[in-house]
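Side chains included, hydrogens not; waters and symmetry mates left out as well; all remaining heavy atoms used.
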Amino acid sequence: MSGKITFTMIKPDAVADGHIGAILGKIAEAGFKIKALKLTQLTVADAQKFYEVHAGRPFYGELVDFMSSGPIVAAVLENENAVESFRTLIGATNPADAAEGTIRKMFARSIGENAVHGSDSDENALIEAQFHFSGREIF
Ligand code: CMP
């Protein structure tokens, strides 16, 4: 059975563009419960570690620079089938390919600056939640 938890970040582009409230509103409207939430900023070392699975990819340096370039909102979300239903809500990685009404279609600038992160598996959701939050910050 699929898990009830996913992890998200509102990325530096969407924070800088003033979309925190609108994105959290879409997440709440879609029925996700917020289990943890904070405004924070990744160091370069944090971003390298968080995205180490992409370390060999040509866009890795750009990704690390971008993700550490400004504040983000990190959150743990709960819903039925959370990972998959959240990925449907945010849309395709490239906003040009994202369905109408998805968060990336509405708010992302480009494939690199794509407004939000969503975990890709139950296992990674847990790892990513624990990367950003201590046990006493998750409710
Ligand atoms: P996300 O799926 O949240 O995590 C990995 C990120 O790498 C992805 O979002 C994009 O922001 C970024 N990414 C993926 N493909 C490219 C690409 N071709 N060019 C730049 N960034 C990319």
> Got a salt bridge between E113 and K11, using NZ or NE/NH1/NH2 to carboxylate O under 4.0 Å?
Replying inline: no

> Does the side chain of R104 reach to within under 4.5 Å of the side chain of T93, using non-hydrogen atoms?
Replying inline: yes

> Heavy atoms, side chains only, cut-off 4.5 Å: are S119 and E128 in contact?
Replying inline: yes

> Between F131 and F50, is a ring pair (Phe, Tyr, Trp, His ring centres under 6.0 Å) present by the stated rule, with each step listed?
Replying inline: CA-CA 8 Å; F131 183 92; F50 189 88; 5.5 Å; yes

> Roughly how far apart are M9 CE and L42 CG, rounded to 0.5 Å?
Replying inline: 6.0 Å

> Which distance, rounded to the nearest 0.5 Å, do you find between the CD of Q130 and the CG of L126?
Replying inline: 4.5 Å

> Are L24 and L89 linked, directly or through other ILVMFWY residues, by side chains that come within less than 4.5 angstrom of each other?
Replying inline: yes

> What pair of heavy atoms forms the shortest contact from P12 to G70, and how long is it?
Replying inline: CG-O, 3.8 Å

> Given side chains that start at C-beta, do those of I27 and I103 come closer than 4.5 Å, heavy atoms only?
Replying inline: yes

> Taking C-beta and beyond as the side chain, do D122 and V83 meet within less than 4.5 Å on heavy atoms?
Replying inline: yes

> How are the rings of H19 and F107 set relative to one another: parallel (under 30°), tilted (30 to 60°) or perpendicular (over 60°)?
Replying inline: tilted

>> Donor-acceptor pair, distance only, cut-off 3.5 Å: does the side chain of K26 make one with the backbone of G101?
In response: yes

> Shared ILVMFWY cluster between F66 and I23, side chains joined below 4.5 angstrom?
Replying inline: no

> With hydrophobic residues grouped by side-chain heavy-atom distances under 4.5 Å, do L37 and F139 end up in a single group?
Replying inline: no

> Going from OG on S121 to CZ on R87, what distance comes out if it is rounded to the nearest 0.5 angstrom?
Replying inline: 9.0 Å

> Between CG of L77 and CD1 of I5, what distance do you get to the nearest 0.5 Å?
Replying inline: 8.0 Å

>> Return the CG to OG distance between D13 and S110, rounded to the nearest 0.5 Å.
In response: 7.0 Å

>> What I'd like to find out is whether the side chain of F7 reaches to under 4.5 Å of the side chain of K35, using heavy atoms alone.
In response: no

>> Counting C-beta onward and ignoring hydrogens, is there a side-chain heavy-atom pair between E100 and M106 closer than 4.5 Å?
In response: no

> Hey, would you say the F86 and F32 ring centroids sit under 6.0 Å apart?
Replying inline: yes

>> For Q48 and Y60: C-alpha separation, side-chain torsions, deciding distance, then whether side chain to side chain contact (heavy atoms under 4.5 Å, CB included) applies.
In response: CA-CA 8 Å; Q48 285 171 336; Y60 179 65; 3.4 Å; yes

> Is the side chain of T102 donor-acceptor paired with the backbone N or O of A98 at a distance under 3.5 Å, no angle test?
Replying inline: no

> Should the heavy atoms of other residues, nucleotides or ligands under 6.0 Å from NZ of K38 be counted, would the total exceed 12?
Replying inline: yes

> Any salt bridge between R109 and D17, counting N to O under 4.0 Å?
Replying inline: yes

>> Can a side-chain donor-acceptor contact be found between E137 and H132 if the only test is distance below 3.5 angstrom?
In response: no

>> I'd like to know if the side chain of T8 reaches the main chain of H117, judged simply by a donor and an acceptor atom lying under 3.5 Å from each other, with no hydrogens or angles considered.
In response: yes

> So which heavy atom on I90 is nearest to which on G118, and how close?
Replying inline: CD1-N, 3.8 Å

> Are I10 and M67 connected in the hydrophobic side-chain network, where two residues link if heavy atoms are under 4.5 Å apart?
Replying inline: no

>> I want to check something: taking the side chain as every heavy atom from C-beta on, are I72 and Q41 in contact at a cut-off of under 4.5 Å?
In response: no

> With hydrophobic residues grouped by side-chain heavy-atom distances under 4.5 Å, do I34 and L39 end up in a single group?
Replying inline: yes

> Say you draw a straight line from CD of E78 to OG1 of T6; how long is it, rounded to the nearest 0.5 Å?
Replying inline: 11.5 Å

> Do N114 and N94 come close enough that some side-chain heavy atom pair is under 4.5 Å?
Replying inline: no

